[in-house]
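Let me begin by presenting the structure, written as structure tokens, before commenting on it.
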Amino acid sequence: MGIVSTKAIVLSSIKYGDSSLIVKFYTKELGLISCMLKGVLKSKKGKIKAAYFQPLTLLNAVFSYQEKRNLQGLKEAQVSVLYKTMHSDIIKQSIVMFLSEVLSGSIQEEESNMLLYEYLENSFLWLDSHESISNFHLVFLMSLTKFLGFYPDTSNTDKKTFHLQEGAFIEEIKAKEIISGDEVIQLKKLLGIKFDSIEIVNFSKTQRQTLLQMLIRYFELHLHGFKIPKSLGVLEAVFIR
């Protein structure tokens with residue numbers, strides 16, 4: 001495809017050797033790609049700065065792209081939106097760490113999905129500009145399942161149990177991977193919430209933790225190879241109040 005200019009979101013960056021990074025991007029035009037940035041950690045005069053590759057940074061980037069190549073080339077990069085709070089607020093930092101891991105483990109298709117890209121970008125801009133964010137990660141994960149293909153079937157929300165493997169509400173039965181009781185009540189409250197109405201629904205500390213654990217299990221069941229994020233404990237500790 002050659003030279004491609006596109007918006008890009010940094011999903012993760014891993015140090016390689018003493019001075020290089022391997023960075024995973026989700027881009028608007030190319031979908032999921034990775035790049036080797038040689039010497040970026042020691043370069044002081046280069047146009048591409050290591051600071052650009054903090055998790056969930058929004059970039060305008062120019063890639064040298066070849067289909068089926070594992071590591072693409074990054075020719076240019078500029079921060080498209082400079083976050084005001086995302087990388088300085090300690091609570092938001094923990095959310096960023098967590099979402100970075102979730103997205104790196106859940107976006108598996110390499111093809112472009114512009115609706116997914118726009119959802120991610122708009123979500124991060126919302127998080128950066130708001131203060132009432134205690135339910136953000138729950139709403140984000142639930143809405144993300146729409147783009148990944150396993151949003152819960154809401155045709156039978158009158159049922160008393162939810163089958164995590166099937167992604168559907170069912171009559172109460174004894175089976176593996178079902179939730180019931182208060183867990184189902186809280187799940188139903190979460191369905192359909194948008195960011196701008198995020199604080200209308202109140203969850204207790206215990207309910208929030210239970211919903212988060214349920215959502216992580218839901219991702220595990222529906223995404224092959226998905227692993228529990230290492231930062232999950234940090235995120236739960238932040239929202240103990």
Counting N and O atoms only, with roles assigned by atom type, does the side chain of Ser64 sit under 3.5 Å from a partner on the main chain of Ile3, one being a donor and the other an acceptor?
-> no

Please check if the side chain of Glu76 supplies one atom and the backbone of Ala61 the other of a donor-acceptor pair under 3.5 Å.
-> no

Kindly compute the distance separating CG (Leu99) from NE2 (His137), expressed to the nearest 0.5 Å.
-> 9.0 Å

Tyr83 side chain to Phe124 backbone, donor-acceptor under 3.5 Å = no

Joint hydrophobic cluster, Trp126 plus Leu115, side-chain heavy atoms closer than 4.5 Å = yes

Do Ile95 and Met97 sit in the same hydrophobic cluster, where Ile, Leu, Val, Met, Phe, Trp and Tyr count as joined when their side-chain heavy atoms come under 4.5 Å apart?
-> no

Answer with yes or no whether the hydrophobic clustering places Leu190 together with Tyr119; edges join I, L, V, M, F, W, Y residues whose side-chain heavy atoms lie under 4.5 Å apart.
-> yes

Would Ser104 and Lys24 count as having a side-chain donor-acceptor pair, cut-off 3.5 Å?
-> no

Hydrophobic cluster identity match, Leu32 and Ile14, side-chain contacts under 4.5 Å = no

Okay, side chain of Thr161, backbone of Ile179: is any donor-acceptor separation there less than 3.5 Å?
-> no

Salt bridge present between Glu101 and Lys227 (N-O < 4.0 angstrom) | no

Can you check side chain to side chain contact (heavy atoms under 4.5 Å, CB included) on Asn60 and Lys7, steps first, answer last?
-> CA-CA 5 Å; Asn60 289 322; Lys7 287 185 173 184; 3.8 Å; yes

With a 4.5 Å limit on heavy-atom distance, are the side chains of Ile133 and Phe140 in contact?
-> no

Path from Ile216 to Leu187 over hydrophobic side-chain contacts below 4.5 Å | yes

Any donor-acceptor pair under 3.5 Å linking the side chain of His222 with the backbone of Tyr151?
-> no

Mark yes or no for whether Ser204, through its side chain, and Gln207, through its backbone, hold a donor-acceptor pair below 3.5 Å.
-> yes

Closest non-hydrogen atom pair between Pro152 and Thr145, with its separation = CD-OG1, 4.0 Å

If only atom types and distance count, is the side chain of Asp128 paired as donor or acceptor with the main-chain N or O of Lys84 below 3.5 Å?
-> yes

